[in-house]
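First up is the structure itself, then whatever we jot down about it.
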Amino acid sequence: MLQTQRKSCLCPQRPIRRRKASRRDEGFTLIELLVVVAIISLLSSIGLIAFQDARQKSRDAKRLSDMTQMANALEIY
């Protein structure tokens, strides 16, 4: 792309060419990668906590169901 310089400059106007992105400009920086890793680890830890809570509630519901079945079996006997 071509851009022109400001008109307030005393030098003659000539187009300024932007340099092409070199191989070094195409990658991610270390800071960007660390931020992404930190966000992913935070989300995964929150997900694991929620998953463990759901497993505990599931086991409690199963125990309650088993106790109800035992009480019904004793009544029938």
Side-chain angles (χ1 to χ4, degrees):
M1 290 198 134
L2 298 176
Q3 291 180 345
T4 57
Q5 293 180 350
R6 292 184 223 175
K7 292 183 180 182
S8 64
C9 181
L10 298 176
C11 58
Q13 292 183 354
R14 65 175 191 245
I16 298 174
R17 295 183 186 263
R18 291 187 182 179
R19 66 182 180 94
K20 292 182 180 178
S22 67
R23 204 157 169 68
R24 186 176 181 147
D25 293 339
E26 293 176 4
F28 295 107
T29 64
L30 181 62
I31 300 298
E32 290 171 335
L33 292 174
L34 288 174
V35 167
V36 169
V37 168
I39 290 171
I40 290 173
S41 64
L42 180 68
L43 291 175
S44 65
S45 65
I46 290 172
L48 285 175
I49 291 170
F51 181 68
Q52 287 177 350
D53 190 39
R55 285 179 57 188
Q56 184 178 6
K57 288 180 181 179
S58 171
R59 283 186 299 225
D60 291 343
K62 174 71 174 156
R63 290 183 190 124
L64 185 61
S65 173
D66 289 344
M67 293 299 289
T68 305
Q69 287 180 359
M70 291 286 275
N72 288 339
L74 285 174
E75 285 180 14
I76 293 172
Y77 179 72

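Below, all heavy atoms of this structure are taken into account, side chains as well, without hydrogens, waters or symmetry copies. Not measured: the values here are computed from a predicted model.
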- Item | side-chain contact (heavy atoms from CB on, under 4.5 Å) between I46 and L42, worked out | CA-CA 6 Å; I46 290 172; L42 180 68; 4.3 Å; yes

- Using atom types as modelled and distance alone, determine if a side-chain donor or acceptor of S58 lies under 3.5 Å from a backbone N or O of A54. no

- Message: Quick check against the 3.5 Å criterion: does T68 have a side-chain atom that pairs as donor or acceptor with the backbone of L64?
- Response: yes

- Task: Nearest 0.5 Å please: distance from the CE atom of M70 over to the CG atom of D66.
- Result: 8.5 Å

- Task: Pick out which of R63, K57, K62 makes a side-chain hydrogen bond (donor to acceptor under 3.5 Å, both in side chains) with D60.
- Result: R63

- Message: Membership question, hydrophobic clusters at under 4.5 Å side-chain separation (ILVMFWY): are I40 and F28 in the same one?
- Response: no

